[in-house]
Amino acid sequence: MNAPPRLKPHSSHWGVFSAGLRDGRLVVEPHPGDPDPNPLLQNFPDALRHRARVAEPMVRRGWLERGPGKDDRRGRDEFIPMAWDKVLDLLAGELARVRDAHGPGAIFGGSYGWSSAGRFHHAQSQVHRFLNTAVGGYVKSVNSYSAGASAVILPHFLGPFEAVSRRNVTWEQVVAHSEIVVAFGGMALKNSMVASGGVSQHVERRSMLAAAARGCAFVNVSPLRDDLPVEAKAEWIAPVPGTDTAMMLGMAHTLLSEGLHDDAFIARHCSGWDEFEAYLTGRADGVAKTAAWAASICGLPAETIAGLARRMAGKRSLIVLAHSLQRAEHGEQPIWMAGVLAAMLGQIGLPGGGYNYALGSIAHYGKRHNAVPSAALPQGKNGVTAFIPVARISDMLLNPGAPFDYDGQRMEYPDIRLVYWAGGNPFHHHQDLNRLRRAFAAVETLVVHEIAWTATARHADIVLPTTMTLEREDIGAAPTDPLMVAMHQVAEPFGQARDDYTIFADLAERLGTRDAFTEGRDARGWLRHLYAATQKGLAEKGLPAPSFDEFWEAGYLTLPQEDDDGGILRAFREDPEGAPLPTRTGKVQLSSPTIAGFGYADCPGHPAWLVPSDAPAAERPLWLVANQPATRLHSQFDFGGHSNGMKRRGREVMRMHPFDAAPRGIADGDIVRLFNARGACLATAAVSEDVRAGVVQLPTGAWYDPEDPEDAQALCVHGNPNVLTRDVGTSSLAQGCTGQLTSVEVERFTGNLPPIRAFDPPG
Ligand SMILES: Nc1nc2c(c(=O)[nH]1)N[C@H]1C(S)=C(S)[C@@H](COP(=O)(O)OP(=O)(O)OC[C@H]3O[C@@H](n4cnc5c(=O)[nH]c(N)nc54)[C@H](O)[C@@H]3O)O[C@H]1N2
Ligand SMILES: Nc1nc2c(c(=O)[nH]1)N[C@H]1C(S)=C(S)[C@@H](COP(=O)(O)OP(=O)(O)OC[C@H]3O[C@@H](n4cnc5c(=O)[nH]c(N)nc54)[C@H](O)[C@@H]3O)O[C@H]1N2
Ligand SMILES: [Mo]
């Protein structure tokens, strides 16, 4: 009998693995060094040859017949297959037309999205490099859907985003030092099992287990009980969503009024205390932000709030804030307020103490940094300076020339004619999808490279089929993961799919810029070139520096890592004068004259409780938490076995508390309809006491599936919560995404059950 073929090394954002075809079926095995492999790996086998894959280049009939232009038939028109040579001629001609008639500033190439883990075939880097070299640039987007508000507010009061999130408290420090970890939004294992570029060891579960065994207390402040794993043995406190800032103010007031705050740290390491203290005590506005004041806002007993503050004082306490808290209206406030609370506790910069933004939200954080560089594709120079905060896409497309505020600047939306997307899915990530459909109807041309028929691909004029990660070679690497992976090709490309790189090289050829884009390298040549930076870094340190061929043959390379030094926050704590923070005052800014000077009503000069305008009301009485899905990364491989298998009756599962289910006549397993003024979707109800009463939870990622695509307010029959969420910025400061929270009503669905068609190719 023949031995089964050897599995080949590969990597994904959700874990390192080996894979191969056995008897025509894809087999996937997690990396043996991973103590806690991610079940998301099991989305691959069914996905590889799924009917949802795009098999050949397609052009929308209306665009072909009438040429580029505004068209509300996007998303419900027919597609016509076209041969590669012809479609590339057509697209190169269209890019040249837009560039010559309107300049590269009429092209939106932000192309937000996670695509796949390999660092060379990273689609967003590829499209940026292509647009820079071939047409002179593009309008870009800044910041992320992940951290839109924190990326802007953190540098104002504490330090660069990377320093506060990624190079701060490590899991090793939590295991060894923390006495109490208060996690606002929790640290859900489902989230920390994912990291852009890959993760070889999922350490979060065992770290929390070890810390708890030593006696560290974990507190999960969240509407969902399972936002901390059972291993943390956590206490669960469930405030009303969106009220964490009020809760933290109540805690701060308790510390101050009981003399539990760290005066010395505030005096030596902080600025702006007086303005903040005047607000906290009510000297400024007549309202003292006591625990009792917070209690009525947060729906918690005052004693819970005050008691938590007392328990944190005088101990090695760590405050952690999930990304989710700032993905909401006024999302800047909990970020800033958590920093102020940590400063009052005097723990910032101590091992296992202080404030670590987003520890446990993602596998990048809480890890040591690699001591040598890893692969990254250079993107060239963008000749266009115009940009938007990433989540303002619909605003931009619907309102060219309109003014908007951003971080103290008054800006104007550019006039976009052509939108180019590769490696992202706006019909997954953006809010108010019915509005996004109108925005996409307003452009002249929409180009999408995709591996599968996402709703974004369905709305495009030109759809180019790309290989998925298993169908090509790449290098998997992340700056805080020691394992670099030689990602071998596991399967042949699906249908006529081509690599994004090959597509862009052939388009560049037609635009006369092939060499600028490829620099004369093929894909393997680029992998060798990108690997050389790591090899050089190793040699400079006097460490063994394997050749590319040796690395490729071995499949893996373990990189040296830096010391766990606490980053700039530790250095600042130890020597505030010698190692000042890169804020305006060099200290932790408890209030900010800069932000006060912007004069924004929705983001004042110190952290403040601002009432959310989208809170539940009579016709939409429930908070909707639209969080990250446990069964997939975003919308990726929603058609895979694990993701689809965890749905019920083919739809995404919405959890609700029995108190809310009973009066609505909803039983576990019923199909329900969630609705508000913006839209409606179906889901399958799970009745559970793990959700706070008054809250329903429907994760993102089920593919948008309109029952009647002709209907501008179509019902999504599959359970995509972004038909319900609101498309408004966090505030005039950051203009971040606010998709995490909105308010809805839910009813039992009694109509005929519409079929799921999201994974059927258009046709
Ligand atoms: N309501 C609500 N909305 C949210 C959030 C929320 O909390 N609530 N969270 C937000 C967050 S944090 C994020 S990061 C975004 C994520 O939003 P996205 O990053 O846009 O979501 P993905 O599903 O990862 O999209 C990646 C797409 O790339 C495609 N792809 C994969 N590999 C390749 C490739 O090699 N080439 C090409 N061309 N395509 C490829 C995949 O098929 C997929 O369609 O969503 C945001 N949206
Ligand atoms: N499995 C899986 N893992 C992922 C991702 C994925 O799609 N799938 N996406 C990755 C990405 S790109 C990112 S940016 C991170 C995102 O990390 P996060 O944004 O932190 O993740 P979420 O699951 O959206 O939110 C975490 C929890 O916050 C809680 N929460 C929501 N609103 C509030 C509130 O107002 N107050 C409090 N106290 N809690 C609240 C919710 O119960 C939710 O479960 O996750 C990463 N990890
Ligand atoms: Mo994200």
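In what follows, every heavy atom counts, from backbone to side chain, and hydrogens, waters and symmetry copies are set aside. We count ligands from 1, going down the list as the structure has it; atoms in each ligand are counted the same way.
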Practice prompt. Assess the side chains of Arg472 and Thr467: does a donor N or O sit below 3.5 Å from an acceptor N or O?
Written response: yes
Worksheet, complete the sentence: So the atoms of ligand 1 within less than 4.0 Å of a heavy atom of Gly739 turn out to be 1 (N), 2 (C), 8 (N)
Item to complete: Assess the side chains of Asn722 and Thr725: does a donor N or O sit below 3.5 Å from an acceptor N or O?
Response: yes
Discussion item. Considering non-hydrogen atoms of the protein only, which is the closest contact for atom 42 (O) of ligand 2, and what is the distance?
Written reply: Asp227 OD2, 2.5 Å
Discussion item. Please check: side-chain N/O of Gln326 versus main-chain N/O of Ala149, any donor-acceptor pairing under 3.5 Å?
Written reply: yes
Item to complete: Assess the side chains of Trp171 and Tyr365: does a donor N or O sit below 3.5 Å from an acceptor N or O?
Response: no
Worksheet item: Does Arg225 come within less than 4.0 Å of Glu689, counting only side-chain N to carboxylate O?
Response: no
Worksheet item: Of all the non-hydrogen atoms in the protein, which one sits nearest to atom 7 (O) of ligand 2, and at what distance?
Response: His634 N, 2.8 Å
Discussion item. Taking a cutoff of less than 4.0 Å between a non-hydrogen atom of the residue and any ligand atom, is Ala188 in contact with ligand 2?
Written reply: no
Worksheet item: Can you find a non-hydrogen atom of His430 under 4.0 Å from ligand 1?
Response: no
Worksheet item: Quick one: does Ser146 get an N or O within less than 3.5 Å of an N or O on ligand 2?
Response: no
Practice prompt. From atom 40 (C) of ligand 2, work out which of Ala183, Ser144, Pro223 has a heavy atom at the shortest distance.
Written response: Pro223
Worksheet entry | Residues Asp638 and Lys647 bridged, charged N to O under 4.0 Å | yes
Worksheet entry | Closest to atom 47 (N) of ligand 2 among Thr243, Asn191, Leu40, Asn38 (heavy-atom distance) | Asn191
Worksheet item: Purely on distance, is any nitrogen or oxygen of Lys190 under 3.5 Å from one on ligand 2?
Response: yes
Fill in: N/O separation below 3.5 Å, Leu741 to ligand 2
no
Discussion item. Any atom of ligand 2 sitting under 4.0 Å from a heavy atom of Trp114?
Written reply: yes
Response to the item:
Ranking Gly360, Ser361, Gly185 by closest non-hydrogen atom to atom 27 (C) of ligand 2, top hit is Gly185
Worksheet item: Parallel under 30°, tilted from 30 to 60°, perpendicular over 60°: which one fits the rings of Phe759 and His718?
Response: perpendicular
